[in-house]
Protein chains: 2
Amino acid sequence: MADSNERYESMVRKLKEHGYKLTHQRLALARVLSVSEGHPDVETIFLRLQDSFPTMSLATVYRNVMLFKSFGEVLELGFPNGRNRFDGNKPFPHPHVICIRCQKIIDPDVGSLKDMTEEVADITGFVILTHRLDFFGICSDCMTEKV
Amino acid sequence: MADSNERYESMVRKLKEHGYKLTHQRLALARVLSVSEGHPDVETIFLRLQDSFPTMSLATVYRNVMLFKSFGEVLELGFPNGRNRFDGNKPFPHPHVICIRCQKIIDPDVGSLKDMTEEVADITGFVILTHRLDFFGICSDCMTEKV
DNA sequence: TTTGCTGCAAATAGTTTGCAGAGAC
DNA sequence: GTCTCTGCAAACTATTTGCAGCAAA
């Protein structure tokens with residue numbers, strides 16, 4: 001896991017560089033995103049912020065998560081069920097392993113896709129900008145649990 | 001591309017095996033899905049069906065695409081924007097290359113992810129059931145087009 | 001003081017569901 | 001003739017937007 005203080009500083013720097021105001025809400029959100037324990041969805045981020053920031057609204061969470069995403073400071077993982085999840089700790093493409101029972105998401109340390117990306121570019125004539133690789137399965141906790 | 005007649009027969013067989021009725025709507029949908037030219041979204045499938053089937057409703061498309069998906073006869077590609085797309089021609093995990101300008105999706109012929117899947121299972125302790133690999137970029141048509 | 005930001009509530013868009021009539025077998 | 005399926009419209013859910021008041025700089 002990346003150093004979350006560095007991540008936080010980077011987010012704050014991007015706000016300043018782009019001329020956005022440093023509101024309490026944005027700073028609190030940057031704090032939560034920079035840790036991003038467990039790849040939270042918007043609801044989870046909202047709940048974590050309410051602990052320290054009771055007046056926070058959902059709309060503000062959406063607006064500012066998207067703002068940080070536009071700076072490349074947050075990676076959005078979209079899902080068909082509409083509960084997208086966010087990673088502000090490692091905001092660059094990397095593989096995910098997702099438990100289809102408990103929805104846990106972890107980051108495995110595996111080799112990069114650089115070779116395959118080049119192969120795909122050669123074959124298809126696309127200019128490849130990014131990628132997404134998810135493995136779906138059942139985590140060991142859920143495997144040992146009674147049904 | 002797989003043989004679309006074989007795919008169609010397979011879909012019809014699954015309907016019979018599971019005791020579902022062979023309605024005109026389901027057969028027409030199976031025909032469209034078995035070709036799946038261009039990984040259509042629900043709206044596109046709906047429009048294609050209306051040519052030959054003017055009374056078709058969107059709800060019926062949704063219900064039956066999901067029915068075929070439950071048989072493993074259709075692969076759903078979910079996207080954060082909510083316009084999910086479907087592949088009834090190759091309903092098993094395979095890489096996709098997606099143009100972020102024109103939304104075209106193509107299937108590149110690249111090596112499998114078998115080795116990486118095993119590596120991920122070893123590292124994480126997950127039982128890996130499926131995966132998804134998408135490359136995002138700009139296709140050659142869109143690259144040469146004027147902005 | 002100025003300008004951008006937040007919170008609220010209403011709007012939006014894709015998808016799902018309840019129900020009465022239609023159709024497969 | 002029976003029982004599932006369809007079409008319609010309303011419901012649902014995550015997200016976005018308009019707007020009036022608030023707060024950062």
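Every chain is numbered from 1 and lettered A, B, ... according to where its sequence line falls, protein lines coming before strand lines.
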Would you say the side chain of B/Cys99 lies within less than 4.5 Å of the side chain of A/Phe126, judging by non-hydrogen atoms?
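Heavy-atom side-chain distance check passes, below 4.5 Å.
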Write out all pairs satisfying salt bridge (Lys or Arg N to Asp or Glu O under 4.0 Å) with one or both partners inside residues 57-85 of chain B, taking only residues at least two apart or from two chains.
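Qualifying pairs: B/Arg7-B/Glu73, B/Lys14-B/Glu73, B/Asp41-B/Arg83, B/Lys69-B/Glu76.
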Over how many whole Å does the gap from [X] atom [atom1] to [N] atom [atom2] extend?
{"X": "A/Phe86", "N": "D/dA14", "atom1": "CZ", "atom2": "P", "answer": "13 Å"}
{"X": "B/Glu43", "N": "C/dT15", "atom1": "CD", "atom2": "P", "answer": "9 Å"}
{"X": "B/Leu58", "N": "C/dG14", "atom1": "CG", "atom2": "P", "answer": "10 Å"}
{"X": "A/Met56", "N": "C/dT6", "atom1": "CE", "atom2": "C1'", "answer": "9 Å"}
{"X": "B/Leu15", "N": "D/dT4", "atom1": "CG", "atom2": "C1'", "answer": "13 Å"}
{"X": "A/His18", "N": "D/dA24", "atom1": "NE2", "atom2": "P", "answer": "22 Å"}
{"X": "A/Phe79", "N": "C/dT15", "atom1": "CZ", "atom2": "P", "answer": "17 Å"}
{"X": "A/Phe68", "N": "C/dC5", "atom1": "CZ", "atom2": "C1'", "answer": "13 Å"}

Answer yes or no: is there an ion pair linking B/Asp141 with B/Arg101, defined by an N-O contact shorter than 4.0 Å?
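No.
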Along nucleotides 19-25 of chain C, 5' to 3', which nucleotides get a B, which get an S, and which get a -, given that the test is a protein heavy-atom distance under 4.0 Å?
----BBS
Counting only side-chain nitrogens and oxygens, does B/Asn64 get under 4.0 Å of the OP1 or OP2 atom of D/dT6?
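For D/dT6, OP1/OP2 do have a side-chain N/O of B/Asn64 under 4.0 Å.
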Examine C/dG7: is either OP1 or OP2 under 4.0 Å from a nitrogen or oxygen in the side chain of A/Thr55? Give yes or no.
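True: A/Thr55 side-chain N/O within range (under 4.0 Å) of C/dG7 OP1/OP2.
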Is the count of non-hydrogen atoms from other residues, nucleotides or ligands lying under 6.0 Å from B/Asp51 atom CG greater than 12?
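Atom CG in B/Asp51 is packed in, count exceeds 12.
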Do other residues, nucleotides or ligands put more than 12 heavy atoms under 6.0 Å from A/Asp3 CG?
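Counting other residues, nucleotides and ligands, CG of A/Asp3 exceeds 12 neighbours.
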Let me see the working for B/His94 and B/Leu75 under side-chain contact (heavy atoms from CB on, under 4.5 Å), right down to the final yes or no.
CA-CA 10 Å; B/His94 60 277; B/Leu75 183 73; 3.9 Å; yes
For the helix from C/dT1-D/dA25 to C/dC25-D/dG1, how many degrees between its two end axes (five pairs per end), to the nearest 10°?
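The angle separating the two end axes equals 40°.
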Using a 4.0 Å heavy-atom cut-off across all strands, classify A/Asp41 as base, sugar-phosphate, or nothing.
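No contact at all - A/Asp41 keeps every heavy atom at 4.0 Å or more from the nucleic acid.
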Are the aromatic rings of B/Phe71 and B/His18 close, with centres under 6.0 Å apart?
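Yes: the rings meet the under 6.0 Å criterion.
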Hey, which sits more toward the 5' end of DNA chain C by its nearest nucleotide, A/Phe53 or B/Arg83?
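Final value for this comparison: A/Phe53.
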Should the pair A/His131 and B/Phe135 be assigned to parallel (<30°), tilted (30 to 60°) or perpendicular (>60°) ring geometry?
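Taking B/Phe135 first and then A/His131, their aromatic rings sit tilted (interplane angle of 30° to 60°).
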Both conditions, 6.0 Å and 45 degrees, for the charged tip of A/Arg13 above the ring of A/Tyr20: are they met here?
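Checked: cation-pi criterion not met.
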Ignoring the backbone of A/Tyr62, work out which of C/dG7, C/dT16, D/dT16 is nearest its side chain.
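Looking only at heavy atoms from C-beta outward on A/Tyr62, the closest nucleotide is D/dT16.
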Which nucleotide sits closest to the side chain of B/Ser57: C/dA9, D/dT6, D/dG7?
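Output: D/dG7.
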